[in-house]
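Everything on this sheet refers to the single structure shown next.
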Amino acid sequence: MPLGLVERREPKQPKPGQNRETLGQDWEQKVETITPIAEDEFFNRVLQQGQSPKSQGRRIAVIGEPGSGKTTRLQAIADWILANNLGIPIWIPLAEFTEPTLVDYLQEKWLKLAGVEEAIPSLQDHKDHLWLLMDGLDEMVARIERPHVSQLLTGWVQSARVVITCRVNVWEADQNAFSGFDVYRNLPFEVEQMELFIRRFFAQSG
C-alpha cells in the first residue's frame with residue numbers, strides 16, 4: 001500500500017519577541033510543505049532524479065510517528081533499487097548497531113553475515129553505487145546519547161547514498177543529527193487506505 005509523504009523544510013526564524021513556544025502549532029506547520037508527495041513521485045523525482053534541495057537525493061531522512069510505516073517504506077526503497085538496477089542496497093538495523101562507524105559495521109558484521117568477508121575492496125570500488133538504508137536512528141538513542149549521523153558516515157562510505165528513518169520526537173530533539181539531510185515525514189493512512197490495506201491483507205492470508 002503506497003504511503004504519502006510531506007517534505008520538511010527549515011522554517012524562517014521567529015521575529016523579535018517570538019519563539020517556538022509562543023508560536024506553537026503555527027511554527028510546526030511552517031516546517032512542512034502543504035502538498036504531499038506520492039510514493040512514486042518520491043522514488044522517481046527525489047531518489048532517482050536527485051531533486052531535493054540540500055543533498056540532491058543523496059541524504060534522505062524519513063521521519064514519522066511509531067507505526068507510521070517508516071520501516072515498510074525503507075523496505076519498499078530497497079525493492080525499488082533492486083527492481084530498477086540502481087545500485088547495491090545495504091540494510092542497517094540501527095537497533096543492533098554497536099560499531100563506531102559504518103565501515104567497521106560492514107567489515108566486522110555485515111560482510112561476515114553475508115559470507116563474503118573479502119568483498120570490502122569490491123564495495124570500495126562501487127561505493128558510488130551503494131545505498132545505505134539505516135533503519136531506526138531513534139533506537140540508537142536508547143544506547144548512545146545524541147548520536148549524529150555524521151559520526152557514522154566516515155571513511156569511504158561517505159560516497160554512498162543514505163536513507164535513514166527516525167521517529168519525529170527524536171528528530172525534533174536534535175535536528176543537528178540531520179545536518180545536510182532532506183527530511184520527509186510519513187503521512188498516516190487515510191480511512192479508505194486502512195480499509196483497503198486490511199482487505200488486501202486478509203485476502204492474501206486466506
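This one's a predicted model, so the numbers in the text were calculated from it and none came from an experiment. All heavy atoms count here, side chains included; hydrogens, waters and symmetry mates do not.
- Side-chain contact between Val183 and Trp171: present, with at least one pair of heavy atoms (C-beta onward) separated by less than 4.5 Å.
- In this structure, the separation between NZ on Lys70 and CD on Gln75 is 12.5 Å, given to the nearest 0.5 Å.
- Scanning all heavy atoms of the two residues, the minimum distance from Thr154 to Val103 falls at O-CG2, 3.6 Å.
- Between the side chain of Asp138 and the backbone N or O of Arg167, at least one donor-acceptor pair lies under 3.5 Å.
- Looking at Leu94 and Ile164, their side chains come closer than 4.5 Å, going by heavy atoms from C-beta outward.
- In this structure, Ser55 contributes its side chain and Phe181 its backbone to no donor-acceptor pair below 3.5 Å.
- Shortest non-hydrogen contact noted between Gly180 and Arg59 is O-CB, 3.7 Å.
- At least one side-chain heavy atom of Leu102 sits under 4.5 Å from a side-chain heavy atom of Leu132.
- Counting all heavy atoms, side chain and backbone alike, Ile60 lies closest to Ser52 at CD1-OG, 4.3 Å.
- Both Ile77 and Trp91 belong to a single network of hydrophobic side chains, linked directly or stepwise wherever heavy atoms of I, L, V, M, F, W or Y lie under 4.5 Å apart.
- A pairwise comparison of heavy atoms in Lys127 and Trp156 identifies CD-O, 3.7 Å as the closest pair.
- How far CD of Gln158 is from OG1 of Thr101: 10.5 Å, rounded to the nearest 0.5 Å.
- Scanning both residues, Glu96 and Lys109, for their nearest heavy atoms gives O-NZ, 3.5 Å.
- Using a distance-only test at 3.5 Å, with no hydrogens or angles considered, no donor-acceptor pair links the side chain of Arg73 to the main chain of Glu39.
- The closest side-chain heavy-atom distance from Val162 to Leu153 is below 4.5 Å.
- Considering every non-hydrogen atom in both Pro89 and Ala78, the closest pair reads CG-O, 4.2 Å.
- For the pair Trp131 and Leu47, the minimum side-chain heavy-atom distance is below 4.5 Å.
- Side-chain contact between Val62 and Leu74 is absent, with no heavy-atom pair separated by less than 4.5 Å.
- A donor-acceptor pair under 3.5 Å is formed between the side chain of Asn186 and the backbone N or O of Gly69.
- Here CZ of Arg58 is found 7.5 Å from OG of Ser159. Values are rounded to the nearest 0.5 Å.
- Using a 4.0 Å cut-off between a side-chain N of Lys or Arg and a carboxylate O of Asp or Glu, Glu65 and Arg185 do not qualify as a salt bridge.
- Residues Ile92 and Leu133 have side chains not in contact (no heavy-atom distance under 4.5 Å, counting atoms from C-beta outward).
- Between Trp110 and Tyr105, the gap from one ring centroid to the other reaches at least 6.0 Å.
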Problem set entry | Test log, rule side chain to side chain contact (heavy atoms under 4.5 Å, CB included), inputs Asn84 and Phe43 | CA-CA 11 Å; Asn84 291 278; Phe43 286 172; over 6 Å; no

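- Looking only at side-chain heavy atoms (C-beta outward), Trp80 and Gln48 come within less than 4.5 Å of each other.
- To the nearest 0.5 Å, atoms CD1 (Ile37) and CZ (Phe42) are separated by 7.5 Å.
- Using modelled atom types, no side-chain atom of Arg161 and backbone atom of Leu130 make a donor-acceptor pair closer than 3.5 Å.
- Atom OG1 of Thr98 and atom CD of Glu108 lie 10.0 Å apart (nearest 0.5 Å).
- Rounded to the nearest 0.5 Å, atoms CD (Gln56) and CG (Asp182) are 7.5 Å apart.
- For the 3.5 Å distance criterion, the side chains of Asp125 and Ser122 fail to qualify, holding no donor opposite an acceptor.
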